Amino acid sequence: MSNPNFSYEVTHVCKQSGARLGVLHTPHGDIQTPIYMPVGTSACVKAMTSREMEEIGTQILLSNTYHLHLRPGEELIREAGGLHQFMDWHKPILTDSGGFQVFSLAGIRKIKEEGVTFQSHLDGSRKFISPEVSMDIQQALGSDIAMAFDVCSPYPCDYKTAKESMERTHRWAARCKEHHSREDQALFGIVQGAFYEDLRIESAKTLADMDFIGYGIGGLSVGEPKPVMYEMLDKIRPFMPENKPRYLMGVGSPDCLIEGVLRGVDMFDCVLATRIARNGSVFTSKGRVVIKNGKYSHDFGPLDEACDCYACTHFSRAYIRHLFNAKEITGGRLASIHNLRFLLHMMEEIRQAIAEDRLLDYRDEFYARYDLTKNF
RNA sequence: UUGGAAGUAGCUCAAUUGGCAGAGCACCGGAUUGUGGCUCCGGCGGUUGGCAGUUCAAAUCUGCUCUUCCAAC
């Protein structure tokens, strides 16, 4: 598929690691890859304003088809002038298809070849999403990148189920592509295949032949050990198109970002940063810190010495801990600002390291200072 | 001073006829990966104000005592 609104170019390959630097052009601007994409499920990165997201260096945001379909509804967002206008975010937006909710909301859904019947978690009403419905919703939302409606299999998963889910994902990918028509919106296919090497490779090849603008790698980070996820990335890497962006869906702990980039991943998204922030945990260059812990009550230093975010340049650990203890919502806001900035800053460093052909050195430096015993 | 009420975990309170003294909050810790999560899980914490007595058994019944609150004076 050629689309003048979207193109991806690899600008440099790290001589030391083979990791790549690139640029993805979209109607709302260029995205320097590799990149971490903050998640704003319901047209909002929880606790954050669009202005703050811009201030911390966000290049592209994620939002969610399933959640926006239920509330406020895509027609309202279309009426508002589209998702960018609605949330006053004028850089690129990627929308997830709702496929993951089929997985994460298991128990209140029925999957058939035609599509999936959900029971709304908001009011219990029955809802139906198919590949076509997902495309219609995402086109109404007007995101820059739409994701194909896929079937995410769990971990562990038997071979037969994994194969069936993968094959249905491929059929649905074809239906998504057939139904999708917005020229100013890119459609990404999603590789599935659970934790079976042959299925993963088959999925990567099948989707590559379908010529999507970019590719999601789905069904990972669903409870498996990290080495298992890394192995899957290694296996499929040779079969992922070189000239297309690769998006590892749902991954975003600091160590996973580095390991993913080393395995050729260009894009990541993850709710981890904002979720743990609201519950009082922050990333630091030395490892995770649970800021609510009593030992920080008299710590007047910043969350992270090396961070340039608003929280770290203005407030102490003791103050932010106090805000959490007092249940002041600003505690979660400051921690969110910090955690998002931490990951965005880390990706800036990774891009710099690739440009300077020293990503393996960067990885070693990271592990030397980062305490993995308290990681995710 | 007199009369009344009440004393149980750091706080607010439960505990059937006398039968293993609990909860919420607080405090401490853990979890969280394409967000049903300002959420969830766990832990610490007690001579039941004190001293005697009755009883197989007392937070509970009796006596004395201390403290607090209320009302009169």
Side-chain angles (χ1 to χ4, degrees), chain A residues 36-48 60-68 70-71 94-109 118-124 127 134 138 143 145-153 155 169 188 190-192 215-226 229 247-257 259-260 265 267-283 288 290-297 321 323-336 339 343 373-376:
Chain A
Y36 162 72
M37 307 182 281
V39 182
T41 302
S42 294
C44 174
V45 177
K46 293 187 191 301
M48 302 284 288
I60 171 173
L61 280 187
L62 214 78
S63 200
N64 187 278
T65 297
Y66 169 81
H67 292 279
L68 293 178
L70 294 186
R71 185 170 57 190
L94 181 152
T95 42
D96 189 16
S97 65
F100 188 72
Q101 280 60 46
V102 173
F103 167 74
S104 67
L105 302 181
I108 55 170
R109 52 97 176 102
F118 294 92
Q119 201 164 2
S120 165
H121 68 278
L122 298 177
D123 61 9
K127 302 282 182 180
S134 178
Q138 294 186 72
S143 53
I145 300 173
M147 298 304 296
F149 191 61
D150 64 331
V151 184
C152 181
S153 45
Y155 175 83
T169 293
F188 279 27
I190 301 178
V191 174
Q192 288 291 343
Y215 292 92
I217 301 166
L220 296 180
S221 193
V222 289
E224 79 282 8
K226 289 178 184 178
M229 176 173 82
Y247 160 30
L248 177 55
M249 307 180 76
V251 169
S253 66
D255 54 325
C256 287
L257 292 180
E259 297 296 339
V265 174
M267 303 161 72
F268 303 84
D269 82 283
C270 196
V271 303
L272 185 67
T274 44
R275 177 180 287 168
I276 67 171
R278 291 194 305 284
N279 293 319
S281 288
V282 294
F283 298 130
R288 182 175 54 135
V290 180
I291 201 64
K292 287 189 295 188
N293 286 4
K295 61 182 171 182
Y296 303 116
S297 60
R321 175 181 188 275
L323 294 182
F324 273 101
N325 275 12
K327 303 199 189 312
E328 288 290 344
I329 53 180
T330 299
R333 275 177 39 70
L334 292 175
S336 293
N339 277 355
L343 294 185
T373 60
K374 282 190 81 177
N375 195 40
F376 299 91

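These numbers come from a predicted model, not from an experiment.
Taking the nucleotide of RNA chain B with the nearest heavy atom to each of Met249(A) and Ile329(A), the more 5' of the two is matched to Met249(A). Annotation: of the two residues near RNA chain B, Ile276(A) and Ser63(A), the 5′-most nearest-nucleotide partner is Ile276(A).
Put simply, CZ on Phe100(A) is 8 Å from P on rU33(B), counting in whole angstrom units. Put simply, OH on Tyr247(A) is 9 Å from P on rG34(B), counting in whole angstrom units. Between the P atom of rU35(B) and the CG atom of Leu122(A) lies a distance of 15 Å, rounded to the nearest Å. Across the protein-nucleic acid pair, His67(A) atom NE2 and rG36(B) atom P stand 4 Å apart, rounded to whole Å. Rounded to an integer number of Å, the gap from Arg71(A) CZ to rG36(B) P is 12 Å. rA31(B) atom P lies 4 Å from atom CZ of Arg288(A), rounded to whole Å. For Ile291(A) and rC38(B), the CD1 to C1' distance is 17 Å, given to the nearest whole Å. Whole-Å rounding puts the Met48(A) CE to rC38(B) C1' distance at 16 Å.
By the side-chain hydrogen bond (donor to acceptor under 3.5 Å, both in side chains) test, Ser97(A) is found to be paired with no residue, residues two or more places apart in sequence or in another chain being considered. Partners of Leu257(A) according to the side-chain contact (heavy atoms from CB on, under 4.5 Å) rule, which considers only residues two or more places apart in sequence or in another chain, are Phe268(A), Leu343(A), Met347(A). Here Gln192(A) pairs with Asp150(A) under the side-chain hydrogen bond (donor to acceptor under 3.5 Å, both in side chains) rule; sequence neighbours left out. Remark: Cys270(A) pairs with Tyr36(A), Leu272(A) by the side-chain contact (heavy atoms from CB on, under 4.5 Å) rule, at least two apart or across chains. Asn325(A) meets the side-chain contact (heavy atoms from CB on, under 4.5 Å) test with Arg321(A); sequence neighbours excluded. Annotation: salt bridge (charged side-chain N to carboxylate O under 4.0 Å, His left out) contacts of Glu224(A) (sequence neighbours excluded): none. With sequence neighbours left out, the side-chain hydrogen bond (donor to acceptor under 3.5 Å, both in side chains) criterion links Tyr247(A) to Asp269(A). Partners of Gln119(A) according to the side-chain contact (heavy atoms from CB on, under 4.5 Å) rule, which considers only residues two or more places apart in sequence or in another chain, are Ile108(A). The side-chain hydrogen bond (donor to acceptor under 3.5 Å, both in side chains) search around Arg333(A) returns Glu52(A), not counting sequence neighbours.
Considering only side-chain atoms of Asn293(A), the nucleotide from rG34(B), rU32(B), rG30(B) that sits closest is rG30(B). Closest to the Asn279(A) side chain, of the nucleotides rU33(B), rG34(B), rC38(B), is rC38(B). Across rU32(B), rG30(B), rG34(B), the shortest atom-to-atom separation from the side chain of Ser97(A) is found for rG34(B). For Lys226(A), whose side chain is taken as the heavy atoms from C-beta onward, the closest listed nucleotide among rG34(B), rU33(B), rU32(B) is rU33(B).
Only the C1' atoms considered, rC61(B) is 8 Å distant from rG18(B), to the nearest whole Å. Taking the C1' atoms as reference points, rG10(B) lies 25 Å from rA5(B), given to the whole Å. Separating the P atom of rG3(B) from that of rC64(B) is a span of 12 Å, rounded to the nearest Å. Going from the P atom of rC69(B) to that of rG43(B) covers 38 Å, rounded to whole Å. Rounded to whole Å, the separation between the P atoms of rA59(B) and rU16(B) comes to 12 Å. If you take atom P in rA14(B) and the same atom in rC51(B), they sit 24 Å apart, rounded to whole Å.
Side-chain atoms of Asn64(A) and base atoms of rG34(B) include no donor and acceptor less than 3.5 Å apart. In this model, no side-chain donor or acceptor of Arg275(A) finds a partner on the base of rU32(B) within 3.5 Å. Residue Ser104(A) places no side-chain atom within donor-acceptor reach of the base of rU35(B), judged by atom type and a 3.5 Å distance cut-off alone.
The closest donor-acceptor contact from the side chain of Thr41(A) to the backbone of Ser63(A) lies at 3.5 Å or more, if one exists at all. Side chain of Gln138(A) to main chain of Ser143(A): no donor-acceptor pair is present (N/O by atom type, distance under 3.5 Å, no hydrogens or angles). The backbone N or O of His67(A) sits nowhere less than 3.5 Å from a side-chain atom of Arg71(A) that would complete a donor-acceptor pair.
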Which dot-bracket string describes RNA chain B (Watson-Crick N1-N3 plus N6-O4 or O6-N4, or G-U N1-O2 and O6-N3, all under 3.5 Å; [ ] crossing; | other strand)?
(((((((..((((.....[..)))).(((((.......))))).....(((((..]....)))))))))))).
Distances under 3.5 Å only, N/O to N/O: pair up the protein atoms with those of nucleotides 43-45 of chain B.
none

Between protein and nucleic acid, restricted to nucleotides 24-27 of chain B and to nitrogen or oxygen atoms under 3.5 Å apart, what atom pairs and distances do you find?
none

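For the pair Thr41(A) and rU35(B), the criterion of a side-chain N or O lying under 4.0 Å from OP1 or OP2 is met. Between Gln101(A) and rU35(B) there is a side-chain N or O to OP1 or OP2 distance below 4.0 Å.
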